[in-house]
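Read through the structure below, which is laid out as structure tokens, and then see the notes.
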Amino acid sequence: MPEHSGRSIAAPPLFQAFPPNLQIELRAGAIRKTFPDGQFLYHRGDAADGLWLIEKGRVKLGHYDAHGDMQALFIMGPGDSFGEMACIGRFPRVVDAQAMGNAEMLWISDAMLTRAITGSPEVMRELLRIFAVQLQEALDDLISYRNIAAPRRLAQRLLALGEGQSAPVRLGITQQEMAELIGVSRMTIVSALTNLEQQGLVKRHYRHLMIGDPEAFANHQNILRIS
């Protein structure tokens with residue numbers, strides 16, 4: 001059974017704002033790079049010299065905590081782009097980017113990105129739309145951290161990771177990574193997963209999670225029962 005290398009956010013990647021012919025052009029001029037598990041693509045504070053497009057594998061975007069451990073804020077999968085916001089905003093990287101498993105990437109330079117968006121009102125409007133969606137999702141996350149219990153936040157993240165996949169969905173994510181994504185302790189995740197498993201919504205395995213029936217998992221009443 002293939003493992004779904006999903007993404008933990010619902011907002012679309014900015015690369016999707018480009019017309020198909022421009023996406024083809026950018027891919028053709030991009031530099032292909034591969035990264036083994038755990039290798040960093042860049043660090044917080046680095047110059048924003050281009051954007052990354054994930055071809056295979058996953059990438060964790062996060063930061064180091066006071067103990068020197070990498071804490072995930074987002075998990076990106078195939079088709080996702082990231083790093084373009086810092087290029088457009090002309091500021092240094094604000095997160096660290098680390099490969100999760102072997103990852104195959106396309107690097108598109110800042111110069112190529114600038115040429116792509118300059119003089120195209122259609123592309124600019126779509127970029128603004130996606131920026132707005134990403135901002136709204138960030139605000140929704142902020143509200144949820146204050147007002148929504150951890151089990152329900154976890155369910156929302158797992159739904160995002162399994163978006164669009166047919167049953168059964170296999171999510172290659174550890175309990176520690178789940179804890180990082182929603183900002184809670186691992187013990188809280190264990191409790192939340194136990195709750196979900198008791199309802200028959202998920203099944204835990206070593207270093208991965210199974211969602212047998214995504215429709216049932218996404219059912220509003222099921223989600224409310226764990227809040």
Side-chain angles (χ1 to χ4, degrees), residues 1-12 37-38 57-78 80 82 95-101 133-227:
M1 180 186 303
E3 180 178 293
H4 174 41
S5 296
R7 61 203 308 264
S8 64
I9 60 176
D37 181 42
R58 294 186 298 170
V59 173
K60 178 195 301 185
L61 302 180
H63 62 89
Y64 284 101
D65 61 19
H67 304 289
D69 297 320
M70 176 70 167
Q71 298 294 311
L73 297 174
F74 305 104
I75 292 176
M76 300 292 193
D80 275 324
F82 59 92
V95 294
D96 300 289
Q98 183 181 34
M100 298 176 64
V133 173
Q134 291 180 343
L135 176 59
Q136 185 60 57
E137 184 171 347
L139 292 173
D140 289 343
D141 281 347
L142 180 61
I143 293 171
S144 72
Y145 288 151
R146 293 184 177 182
N147 301 316
I148 300 177
R152 185 171 181 180
R153 300 208 311 267
L154 174 63
Q156 292 171 342
R157 289 293 190 181
L158 295 178
L159 282 171
L161 285 166
E163 180 71 25
Q165 301 301 303
S166 58
V169 174
R170 174 187 170 111
L171 302 178
I173 185 170
T174 67
Q175 293 180 1
Q176 181 59 40
E177 289 163 351
M178 295 180 212
E180 293 170 9
L181 282 175
I182 66 170
V184 298
S185 70
R186 186 170 176 177
M187 290 302 296
T188 299
I189 291 297
V190 171
S191 176
L193 288 175
T194 298
N195 195 321
L196 288 168
E197 195 165 33
Q198 288 174 346
Q199 295 182 58
L201 297 175
V202 304
K203 188 169 182 61
R204 287 175 288 183
H205 299 274
Y206 178 67
R207 298 186 68 84
H208 74 271
L209 191 73
M210 299 292 297
I211 301 177
D213 187 344
E215 276 194 40
F217 191 82
N219 182 275
H220 185 62
Q221 291 185 345
N222 281 339
I223 298 302
L224 285 181
R225 285 170 57 195
I226 64 171
S227 59

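Position 1 is the first residue of the sequence; numbering continues from there.
A distance of 8.5 Å separates CD1 in I189 from CZ in R153, rounded to the nearest 0.5 Å. Rounding to the nearest 0.5 Å gives a distance of 12.0 Å between CD of E197 and CE of M210. In this structure, R58 CZ and D80 CG are separated by 11.5 Å, a value rounded to the nearest 0.5 Å. Rounding to the nearest 0.5 Å gives a distance of 9.5 Å between CG of L161 and CG of L209. Rounded to the nearest 0.5 angstrom, I75 CD1 and E177 CD are separated by 5.0 Å. Within the model, atoms CD1 of I173 and CZ of R207 stand 10.5 Å from one another, a figure rounded to the nearest 0.5 Å.
A pairwise comparison of heavy atoms in P214 and A167 identifies CD-CB, 3.5 Å as the closest pair. Contact between P78 and G57 at its shortest, heavy atoms only, is CD-O, 3.3 Å. In plain terms, the two heavy atoms of L61 and A97 that are nearest each other are CD2-CB, 3.5 Å.
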Apply the test side chain to side chain contact (heavy atoms under 4.5 Å, CB included) to residues V202 and L171: give CA-CA distance (whole Å), side-chain angles for both, the deciding distance (0.1 Å), then the verdict. CA-CA 10 Å; V202 304; L171 302 178; over 6 Å; no
Assess whether side chain to side chain contact (heavy atoms under 4.5 Å, CB included) is satisfied between R170 and H205, documenting all intermediate values. CA-CA 10 Å; R170 174 187 170 111; H205 299 274; over 6 Å; no
CA sep, side-chain torsions, deciding dist, call: V190, R204, side chain to side chain contact (heavy atoms under 4.5 Å, CB included): CA-CA 10 Å; V190 171; R204 287 175 288 183; 4.1 Å; yes
Chi angles and distances behind the side chain to side chain contact (heavy atoms under 4.5 Å, CB included) call for T188, L154: CA-CA 10 Å; T188 299; L154 174 63; over 6 Å; no
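Residues passing the side chain to side chain contact (heavy atoms under 4.5 Å, CB included) test with D213 are E215, A216, sequence neighbours excluded. With sequence neighbours left out, S191 forms a side chain to side chain contact (heavy atoms under 4.5 Å, CB included) with no residue at all. Under the side chain to side chain contact (heavy atoms under 4.5 Å, CB included) criterion, A72 pairs with K60, E180, L181, not counting sequence neighbours.
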